[in-house]
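Working notes for the structure below.
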There are 4 protein chains.
Amino acid sequence: MTATRTGRPRSEATRLAILQAAATLTTELGYDHVTIDAIASRAGAGKQTIYRWWSAKSMVVADAVIEGLLRLPALDLPDTGDLSADLKAWTTASAAKMGDSRFLQVVRALVTAATGPEQDASRLYEHIMRPTYEPLVARLRRGQDAGQLSTAVSAESVADALLGTLLFRALARLPMPETMTGIIDALLAPPPPPSSS
Amino acid sequence: MTATRTGRPRSEATRLAILQAAATLTTELGYDHVTIDAIASRAGAGKQTIYRWWSAKSMVVADAVIEGLLRLPALDLPDTGDLSADLKAWTTASAAKMGDSRFLQVVRALVTAATGPEQDASRLYEHIMRPTYEPLVARLRRGQDAGQLSTAVSAESVADALLGTLLFRALARLPMPETMTGIIDALLAPPPPPSSS
Amino acid sequence: MTATRTGRPRSEATRLAILQAAATLTTELGYDHVTIDAIASRAGAGKQTIYRWWSAKSMVVADAVIEGLLRLPALDLPDTGDLSADLKAWTTASAAKMGDSRFLQVVRALVTAATGPEQDASRLYEHIMRPTYEPLVARLRRGQDAGQLSTAVSAESVADALLGTLLFRALARLPMPETMTGIIDALLAPPPPPSSS
Amino acid sequence: MTATRTGRPRSEATRLAILQAAATLTTELGYDHVTIDAIASRAGAGKQTIYRWWSAKSMVVADAVIEGLLRLPALDLPDTGDLSADLKAWTTASAAKMGDSRFLQVVRALVTAATGPEQDASRLYEHIMRPTYEPLVARLRRGQDAGQLSTAVSAESVADALLGTLLFRALARLPMPETMTGIIDALLAPPPPPSSS
DNA sequence: AGGTAAACGAGACGGTACGTCTCGTCTTCCT
DNA sequence: AGGAAGACGAGACGTACCGTCTCGTTTACCT
């Protein structure tokens, strides 16, 4: 019994109105120009209601992401049986979305939240990163089962490298597709060791 | 001759004091919590002096980086001739530093800047990441020359994967060292090609 | 029969707890810093219970006064038969209490209420001042009966002058005791009439 | 040389605009409904500018009084040579103004300020009470010289009693004129001591 | 040497947003 | 129905910074 029991219960309608307002304003104005006052006003809520449930603006935006009101680029990973083609299709599509400035606005909120208290960071990982990470690892494992990826390397390592590259180059604003193709080839179908260059 | 000629010349001592203050405060407080007032106060300078020479906080911090006053706690990448051992030593040591809050502060500065104007973002990334990224790429190229790494994959791709993994796992707060070892092995010592190619 | 009759009867214990809390907090914090929330919390009552029975903070405090829970630190006015000595003893003792911050807190409550609606103001003044004012007037009347004070001046006027002097000098933070002695002498033992009347 | 010397000097225009705004708003809305935000907005000033120079709303209003922008009832004390008539005329006129609710609004600000830090209270006394108190004492002394008031009582005592009565009855909202007449008569022309009632 | 002019430290200015506090109402469960 | 608990919309509070604007002062170059 962790719950308190008396008192007016939290209003779900208000909670959603706040998250919706945060999502809308982030998309319209960009993360930096969103204010708590504006979120409250747009949501028809009091500021205290926001501060009662969220510790910072970044957490409100992060919750809007979790709630699905503010979409990160969808990263549905296909499974056609051809791991290499699937990964290339996925990274190419993902990379294309990374150039979207609205995406960077959201990423900024998430990174801000991620550098905050451990508890908040973990929550974000669970709700935002894991839904992308786990299917990717699973797909890589199926590729290993199919003999398309060496079992000498952990699927997690490859997933880290792929997601990390996307993150790194997105933040650095470097071009992406070719790079991703190269590393995928390197990991999946390594050439014979060079003997004489 | 665009320059005016009379008047008191710009004070180099003040310029450096401002950049040093910006660097110190960014490391101590994190990019978001650095204020122009604090920089001015710490540097013993007037705010107007800062605004006279820089357009925004991000430009001051970028200049501090250029000046070499603010760095990632980057480690020297050894070159013993054994690429695998060198990378493992470097990634292990780097991963250990990822727990350092100063690292996260700088990463935050980068991400914050990344969502700002293209020009600011590029300046910061160039000068913060390059001192780490370029030597890494160079070392990988030497490894390729020595036949320790396939030439079928670009050195940049491997560098992206390594740095990206560090960045990703740092932000996601996942454990690091083992993972790094695995991916290095995968890239350097590829397994036999899958049976059905 | 104006009253409804069904339902749970009003809790007397809660009513008193609220008034006691209001009195205590007014004394401790001063009228301005008392909040309805704090009263409710201290009384172990719900805010709605307060709003159900009182229209405003001033009314709660007024009721606390009526209930005798909040008083000026009034002193008993002695009656030894010697009006002059009695008044001097009382004013000297009262003046000493004027330095007490609790006194100023109550005065502030009165002044705050005085600027509000007529009804609230009257209630507070009646009940806070009267317990001091009425005995003083009564004592002065007995002095008049005993020939110690002229009947040409109303007892109320003298009471006003005495209490007013205390109030004025307390607010102006001027020294008090000697002054009080002087005015008492002036009123009780009038000098010979001026030569040219 | 107690003053600091550098930096932009305080703007006198802004200072006056703030006091004028405070005066106007107090008159229009009443002391309670004046907000610092409204003063700042009306004055075209920033809130911080107000907080930089005044500790509380009551001090701003008090300064507006001192500056003559928010008038207390003028208490010009006539000197026709007839002390009794002069005092009665003055108290009657003063009492009439005391019923004005705008007066009570200002008094509330002053009392609030008077119950604050010693330094603020002293300032108020010097600038607000003394300009009324001192001429009154002086007039009473001239009355003593003319034999219209006993020299056995200090002029200050009488002034205390008169001002105190006005203050007390104004705050208590009790009727005034008759009472004031009575006490003046008692102090100025005492009847012969009663022998047989 | 004296004059001109830009840069300097200092800090007040009009603003925006913050995060907190209090109000008076509303909503639930418990008695 | 009364009451405790406590969430709610509203909005004022006092603070922190922003970027701009005077000030008086300092330090060069130019007569």
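In what follows, chains carry the letters A, B, and so on, assigned in the order in which the sequence lines appear, proteins first and then strands, with residues in each chain numbered from 1.
- With a 4.5 Å cut-off on side-chain heavy atoms, C:W54 and C:L19 count as touching.
- The two atoms that bring C:R173 and D:A114 nearest to each other are NH2-O, 2.8 Å, heavy atoms only.
- Look at CZ on A:R8: it is 7 Å from P on E:dT28, rounded to the nearest Å.
- In plain terms, the two heavy atoms of A:A21 and A:R42 that are nearest each other are CB-CG, 3.5 Å.
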Worked check of side chain to side chain contact (heavy atoms under 4.5 Å, CB included) between B:I39 and B:I50: CA-CA 9 Å; B:I39 294 172; B:I50 296 177; 3.8 Å; yes
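- Of the residues in residues 13-25 of chain B, not one comes within less than 4.0 Å of DNA chain F through any heavy atom.
- Listed here is the closest heavy atom pair of D:Y31 and D:Q105: N-OE1, 2.9 Å.
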Working for side chain to side chain contact (heavy atoms under 4.5 Å, CB included), residues D:T112 and D:K57: CA-CA 10 Å; D:T112 298; D:K57 181 174 72 169; over 6 Å; no
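- Contacts of residues 29-46 of chain B with DNA chain F (heavy atom under 4.0 Å): B:T35, B:I36, B:D37.
- Looking at C:K47, its side chain comes within 3.5 Å of the base of E:dG24 through a donor and an acceptor atom.
- Applying side chain to side chain donor-acceptor pair (under 3.5 Å) to D:E67 and the options D:Q20, D:H127, D:R15 leaves one that passes, D:R15.
- Residue-environment remark: CD (D:E12) exceeds the threshold of 12 foreign heavy atoms within 6.0 Å.
- D:A113 and D:D120 make their closest contact through O-CB, 4.3 Å (heavy atoms, listed as atom of the first residue, atom of the second, distance).
- The nearest pair of heavy atoms linking A:A43 to A:A17 is CB-O, 3.5 Å.
- Listed by residue number, the members of residues 48-61 of chain C with any heavy atom below 4.0 angstrom from DNA chain F are C:T49, C:R52, C:W53.
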